[in-house]
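Position 1 is the first residue of the sequence, and the numbers go up from there. Hydrogens, waters and symmetry mates play no part in the numbers below; they use all other heavy atoms, side chains included. Every value quoted in this text rests on a predicted model; they were computed, and no experiment measured them.
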Amino acid sequence: MTTLMWAIGIVVFFFGLLISIAWHELGHLSTAKLFKIRVPQYMVGFGPTIWSRHKGETEYGFKAVPLGGYIRMIGMFPPGDDGRITARSTSPWRSMIEDAREASYEEVKPGDETRLFYTRKPWKRVIVMFAGPFMNLILAFVLFLLVLMGFGSTTQTTTVGAVSDCVISQSDSAALKAKDPCVSNKYPESPAKRAGLKAGDRIIAFNGTSVDSSQWSVLQKEIRDTTGAATITVLRDGKTVTLHADLIKNKVTKTDGNGGYSEGQYVTAGFLGFTPASGVVRLDFTQSVARMGDMAQSGVQSLVALPSKVPDLWNSVFNGAPRKQDSPVGMIGAARIGGDVFALHIPATQRIAFFFSLLAGINLSLFLFNMLPLLPLDGGHIAGALWESLRRNVARVFRRPDPGPFDVAKLMPVAYVVAVIFICFTALVMAADLINPVRLT
């Protein structure tokens, strides 16, 4: 039964991925048609076509490899400086430019002269290229909102799960792994135990700062910023109880600012001495938007940190090193996680919530990744259109001749280099997902 649920999870994930890809390309398609750009193809997937049909001037279909999608717009690049679009150079770099230019015109028909992508004003081209990633952002927003407000998410709460008996530095791994280290009286009694904090208490205020059950990160920061006397208000058996604690400094695991921890990194901060309980918490709209803002910030930081993850990925594939939990995962790895989610022995509602969160996270990642100002990504075309608009406006202000469209095709050699880097990184992640996958813990 577990294997069956795991397989169903993978199938459902790929179906969700196909919807995300189709949704992304629909953004490009709808805005391109809005601005009268001819679109010969709308395809989900790459490789051989397994099904398609024509409707109007566009062929709609699915291809064999569901790892992306595209729409084909005519006239993506302007003609060369001499007005020609055909290849005419033996230079390999120049040939890349001319081949890309020629490919963008191969389906131009008589009467299409006014329906070419490059002839549209820069702001229209920005909208067309931004619409795809924006659709992913919309889908991520809706799914996260559904999870956080509807299902709720399993998170650390302000309820006390367990009270520490004594104070042990969290960098002291030997003491933390020892059986009953507090029995030896080597370590001082924890402030939480001395103050009378008990498992099941729900902290509703710390030193006058009110917190609800979903604000563990707020409470955690207040505790770590405090040493000495502190007043703690808890809800115990339906009654409000006020406790007084004397917090001390201790070496604790560094946090990421959102209630999570940075493994292997430590800071000296205020210490109370309890473990928060986990629970399913529903957020209101404002809290949900704030949580999504934190997720977006973490997504940007993860994107910036991608190059630093390459050595760990390499070691996990070729040297048998353990795969870190924050390691990048590709579509195969995400699909395996989707299968793991469906195989978990948790309520069905939480499986669905976890799955939606996974799909929302992928859509958020697709938005951030596609907005990188690099060809062949959407962000590269957006950057080209913005640069064209800037230099045309500068020319207009200084009464200089119109410089004309910016020839993005001249950046194709750079685009090919970027594409090769992306392909190599994707291949490494795929190998890691197959050989040493990230598992749910």
Side-chain angles (χ1 to χ4, degrees), residues 7-35 37-76 100 103-104 106-107 117 125 127-143 329-339 355-356 358-372 375-382 415 418-419 422-423 425-427 429-430 433:
I8 290 174
I10 291 178
V11 172
V12 171
F13 170 80
F14 269 110
F15 183 72
L17 178 62
L18 287 176
I19 292 176
S20 300
I21 294 169
W23 183 246
H24 174 105
E25 299 304 333
L26 181 62
H28 292 313
L29 177 73
S30 58
T31 50
K33 287 184 174 290
L34 176 66
F35 296 131
I37 301 168
R38 192 163 76 82
V39 184
Q41 275 192 322
Y42 168 94
M43 290 288 169
V44 176
F46 298 117
T49 301
I50 58 176
W51 176 89
S52 72
R53 64 175 295 183
H54 283 84
K55 185 175 181 181
E57 62 187 15
T58 305
E59 178 189 11
Y60 300 85
F62 292 91
K63 291 184 174 286
V65 184
L67 296 179
Y70 66 91
I71 67 166
R72 190 187 301 280
M73 294 182 286
I74 61 171
M76 286 290 292
S104 75
E106 63 184 9
E107 296 189 67
F117 176 78
R125 277 179 276 152
I127 289 176
V128 171
M129 300 314 297
F130 179 70
F134 185 61
M135 294 293 267
N136 291 124
L137 183 62
I138 291 174
L139 185 56
F141 180 83
V142 171
L143 289 175
V329 296
M331 294 308 172
I332 291 176
R336 296 185 73 151
I337 293 174
F355 174 80
F356 281 161
L358 177 64
L359 195 58
I362 288 173
N363 276 272
L364 178 60
S365 297
L366 287 173
F367 168 76
L368 295 173
F369 183 72
N370 274 287
M371 290 307 296
L372 290 174
L375 287 174
L377 301 176
D378 296 327
H381 290 282
I382 291 172
V418 172
F422 286 164
I423 290 171
F425 182 78
T426 301
V429 172
M430 185 180 298
D433 288 340

So, taking the atom named [atom1] in [X] and the one named [atom2] in [Y], what distance separates them when rounded to the nearest 0.5 Å?
{"X": "F13", "Y": "R336", "atom1": "CZ", "atom2": "CZ", "answer": "13.0 Å"}
{"X": "H24", "Y": "I138", "atom1": "NE2", "atom2": "CD1", "answer": "12.5 Å"}
{"X": "L377", "Y": "I382", "atom1": "CG", "atom2": "CD1", "answer": "10.0 Å"}
{"X": "M135", "Y": "N370", "atom1": "CE", "atom2": "CG", "answer": "13.5 Å"}
{"X": "I337", "Y": "D433", "atom1": "CD1", "atom2": "CG", "answer": "8.0 Å"}
{"X": "I37", "Y": "T31", "atom1": "CD1", "atom2": "OG1", "answer": "7.5 Å"}

So which heavy atom on [X] is nearest to which on [Y], and how close?
{"X": "M430", "Y": "I332", "result": "CG-CD1, 3.4 Å"}
{"X": "R72", "Y": "P40", "result": "O-CD, 2.6 Å"}
{"X": "L17", "Y": "L359", "result": "N-CD1, 4.1 Å"}
{"X": "V429", "Y": "G330", "result": "CG1-N, 3.1 Å"}
{"X": "I21", "Y": "G68", "result": "CG2-O, 3.2 Å"}
{"X": "A415", "Y": "P376", "result": "O-CD, 3.8 Å"}

Plane angle bin for [Y] and [X] - parallel if under 30°, tilted between 30 and 60°, otherwise perpendicular:
{"X": "F130", "Y": "F367", "answer": "perpendicular"}
{"X": "W51", "Y": "F62", "answer": "tilted"}
{"X": "F117", "Y": "H381", "answer": "perpendicular"}

Problem set entry | Validation row: E59, M43 side chains within 4.5 angstrom (heavy atoms) | yes

For this session: Please tell me if the side chains of L139 and S20 come closer than 4.5 Å, counting only heavy atoms from C-beta onward.
Result: yes

Exercise. With Y60, which of L29, I71, V44 fulfils side-chain contact (heavy atoms from CB on, under 4.5 Å)?
Worked result: L29

For this session: Check V142, N136, L358 against N363 for a side-chain contact (heavy atoms from CB on, under 4.5 Å) and give me the one that passes.
Result: N136

Problem set entry | Test ring-ring contact (aromatic ring centres under 6.0 Å, His included) applied to F141 - qualifying residues, sequence neighbours left out | none

Exercise. More than 12 foreign heavy atoms under 6.0 Å from CZ of F14: is that the case here?
Worked result: yes

Problem set entry | Greater than 12 external heavy atoms within 6.0 Å of F422's CZ | yes

Exercise. Of all residues at least two apart in sequence or in a different chain, which pass the salt bridge (Lys or Arg N to Asp or Glu O under 4.0 Å) check with D378?
Worked result: none

Exercise. Under 3.5 Å, is there a donor-acceptor pair between the side chain of Y42 and the main chain of H28?
Worked result: no

For this session: Establish, from distance only, whether the side-chain atoms of Y70 and Q41 form a donor-acceptor pair under 3.5 Å.
Result: yes

Problem set entry | Distance-only polar pair, side chains of S52 and K63, donor-acceptor under 3.5 Å | no

For this session: Dump the intermediate steps for side chain to side chain contact (heavy atoms under 4.5 Å, CB included) on M73 and R125, then the final yes or no.
Result: CA-CA 11 Å; M73 294 182 286; R125 277 179 276 152; over 6 Å; no

